[in-house]
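Report on one structure; see the data block that follows.
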2 protein chains.
Amino acid sequence: MVMINKSALVYDDLMQKIDAEVYQLGTYLPSENQLCDLYGISRETGRKALATLAENGYIQKIRGKGSLVIEHRQYEFPVSGIVSYKELAQKLHIATENVVYGYDPEATLPIAAFASLGVDLTEEPVTAIKRVRVIDDEPDIIDKDYILKSVIPDVPRKAAEDSLYAYFEDELGLEIGYATKEITMEPANAEDRAELNLDPGAYMAVVRSVTSLTDARAFQFTESRHRADKFRFRDFARRQRKPM
Amino acid sequence: MVMINKSALVYDDLMQKIDAEVYQLGTYLPSENQLCDLYGISRETGRKALATLAENGYIQKIRGKGSLVIEHRQYEFPVSGIVSYKELAQKLHIATENVVYGYDPEATLPIAAFASLGVDLTEEPVTAIKRVRVIDDEPDIIDKDYILKSVIPDVPRKAAEDSLYAYFEDELGLEIGYATKEITMEPANAEDRAELNLDPGAYMAVVRSVTSLTDARAFQFTESRHRADKFRFRDFARRQRKPM
DNA sequence: GAGTGGTCTAGACCACAGT
DNA sequence: CTGTGGTCTAGACCACTCT
């Protein structure tokens, strides 16, 4: 049983009701004062739940009117926010397979690949894992993960075959905090062509990311290489106040 | 003179001091109680500013310790959040040129292109604008904008040559709210090759977006086509609580 | 124990929409 | 004028870190 706070409970409840179309697209959620009565909370607590819904693209708050339910497309294969591959596949009801084709618990971090993400580490010992993601019997994605041994000394091969995030969070009790990721387009290399059965001249969408714990220790470096024709990235963004 | 609220003022001040390295990477901001004294605000107001800094990747809050300044890479050419091309070019001190090569105030929205973003409009009258972005004397990006006439009846060609966002916000007083965008990789078409001088077989990074006002009216549809070798997208994301 | 952030409250005042 | 969201306050209690 997961213990969370009131505003998160309200958030979850409203989110589920939006997904279930109890609150339909184009209609308004109960007003902030009504939420206070409905859930027995103070107004600021309800506002926090609404703010998170707005941040995640579920609603648009309109002053004088209410919280309008808007078109929402958060989870979209294959990348969006920090969600594990396994979580995504479950949420989207996609049948996938996960093949570990490389495992080296005594490797070194290839720093050059992550230089543009602000990594300034030197030769760090890592556990290196290579996996192919198979979707509808077709290999589409290569994931190369490097996990710092200074933070996580041991990553069993079994964890790579199941889910690294489940291992970090459920087994080790670590809290994933945030990630910086970078998407570029690059020609397929020999390894891409071999693992994904691609023709020469093929292009790849490459997502490199650095993931940190809630105590700000970077611990996981990932290079995720996607077949160009299967790649799709969705993003929801709000307008910041204008720069000065 | 722009009138904003206290938490936004504190946010701006802290952000600028982080950028100016008054608060350096790896150090802690003043504690929440200290911020109260420093700015003469209540704790919740300061917390709001800190929450926004955390959201935007400036800091990581660590319970019992403080607000740690972390590696930050928010603005990165050419897409990230909702920032206008002109704002980005200014922020990054990049010399760019903006060539309008198509302008049709009596066009129709090509709905098929935006179907995957959840657009279910029918033949809507739009102002259609085609622009090429030239960076370092090299044409890199094609932007095709379609602006609904039902929301903005008239978009002068001059606005397209300068900045559409400046026109919408400063001239018309509209408030941009949010956008949904989708990144895919597609082969270059004849128009791409002609405008950007590409070889046959070239690939493009295509960013399609739907932008809405703060009252949730979608009004702008954009297809932004980037040379594959110049494309780079950076994203900062926080881990959500685990799905149930 | 002292200091940090995390959460929640009850109340206040303001700006905006719709009648 | 009423109801909506936007902002701010002063105080409370809790969980965690560090000494």
Side-chain angles (χ1 to χ4, degrees), chain A residues 2-14 23 27-55 58-70 173-175 177-178 213-217 238-241, chain B residues 2-14 23 27-55 58-70 173-175 177-178 213-217 238-241:
Chain A
V2 189
M3 186 52 197
I4 45 181
N5 50 41
K6 285 193 192 182
S7 55
L9 286 170
V10 175
Y11 171 86
D12 286 339
D13 193 63
L14 292 173
Y23 301 124
T27 67
Y28 288 91
L29 296 184
S31 76
E32 297 183 348
N33 285 321
Q34 288 172 329
L35 290 179
C36 296
D37 297 339
L38 280 172
Y39 294 99
I41 55 177
S42 72
R43 189 166 157 232
E44 283 292 356
T45 301
R47 281 179 59 76
K48 204 168 192 175
L50 293 176
T52 311
L53 286 170
E55 219 175 273
Y58 284 94
I59 61 171
Q60 171 69 20
K61 306 194 74 181
I62 305 177
R63 194 202 301 243
K65 302 182 84 169
S67 298
L68 182 66
V69 179
I70 60 178
L174 299 173
E175 290 186 2
Y178 58 92
L213 300 172
T214 49
D215 64 5
R217 281 182 296 166
R238 291 190 172 275
R239 170 76 162 144
Q240 310 279 82
R241 284 172 301 107
Chain B
V2 189
M3 186 52 197
I4 46 181
N5 51 42
K6 284 194 191 183
S7 55
L9 286 170
V10 175
Y11 171 86
D12 286 340
D13 192 63
L14 292 173
Y23 300 124
T27 67
Y28 288 92
L29 295 185
S31 77
E32 297 183 348
N33 285 320
Q34 288 171 329
L35 290 180
C36 297
D37 297 339
L38 280 172
Y39 294 99
I41 55 177
S42 73
R43 190 168 155 230
E44 283 292 356
T45 300
R47 280 179 60 75
K48 204 170 194 175
L50 293 175
T52 311
L53 286 170
E55 220 175 87
Y58 283 95
I59 62 170
Q60 172 69 19
K61 304 194 75 179
I62 305 177
R63 192 200 300 243
K65 302 183 84 171
S67 298
L68 183 66
V69 179
I70 60 178
L174 298 173
E175 289 187 0
Y178 57 90
L213 300 173
T214 49
D215 65 5
R217 282 182 296 166
R238 290 190 171 275
R239 170 77 162 146
Q240 309 280 80
R241 284 172 301 105

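Computed from heavy atoms alone, side chains included, the values below leave out hydrogens, waters and symmetry copies. Naming convention: chains lettered A, B, ... in sequence-line order (proteins, then strands); numbering from 1 in each chain.
Taking all atoms of both residues into account, the shortest heavy-atom contact from B/K6 to B/G40 is NZ-O, 4.1 Å. In terms of heavy-atom proximity, B/L50 sits nearest to B/E32 at CD1-CG, 3.7 Å.
Side-chain proximity of A/E44 to the nucleotides C/dT4, C/dG5, D/dT9 is greatest for D/dT9. Comparing atom distances between the B/K65 side chain and each of D/dT9, D/dC18, D/dG6 picks out D/dC18 as nearest.
The shortest distance between the side-chain N/O atoms of B/T45 and the OP1/OP2 oxygens of D/dT9 is below 4.0 Å. Contact annotation: A/K61 side-chain N/O to D/dT4 OP1/OP2 distance is not under 4.0 Å. The shortest distance between the side-chain N/O atoms of B/S7 and the OP1/OP2 oxygens of D/dC8 is below 4.0 Å. Taking 4.0 angstrom as the limit, A/K48 places a side-chain polar atom (N or O) nearer than this to OP1 or OP2 of C/dT7. Under 4.0 angstrom from either OP1 or OP2 of D/dT4 there lies at least one side-chain N or O belonging to A/S31.
No donor-acceptor pair closer than 3.5 Å links the side chain of B/E175 to the backbone N or O of B/L213. Under the 3.5 Å distance criterion, the side-chain polar atoms of B/R239 are left unmatched by any main-chain donor or acceptor of A/T214.
Using a 4.5 Å cut-off on side-chain heavy atoms (C-beta onward), B/D13 and B/Y39 make contact.
Backbone-only contact: B/I62 has heavy atoms under 4.0 Å from sugar-phosphate atoms and none from a base. At the heavy-atom level, B/I41 lies under 4.0 Å from the strands shown only through sugar-phosphate atoms.
On a pure distance criterion of 3.5 Å, a polar donor-acceptor pair joins the side chain of B/R43 and the base of C/dG6.
A straight line from CD of A/Q60 to C1' of D/dG6 spans 13 Å, rounded to a whole angstrom. Remark: C1' of D/dG3 and OH of A/Y28 are 13 Å apart, rounded to the nearest angstrom. Here the P atom of nucleotide C/dT4 and the CZ atom of B/R47 are 14 Å apart, to the nearest Å. Atom CG in A/D215 sits about 16 Å away from atom P in C/dG5, given to the nearest Å. Between B/L68 atom CG and D/dC16 atom C1' the separation is 16 Å, expressed in whole Å. In this structure, CZ of B/R63 is placed 7 Å from C1' of C/dG5, rounded to the nearest angstrom. Whole-Å rounding puts the B/E32 CD to D/dC16 C1' distance at 13 Å. When the P atom of D/dT17 is taken as reference, atom CZ of A/R217 falls 11 Å away, rounded to whole Å.
Residues B/N33 and A/K6 both approach DNA chain C. Their nearest nucleotides, taken by heavy-atom distance, put B/N33 toward the 5′ side.
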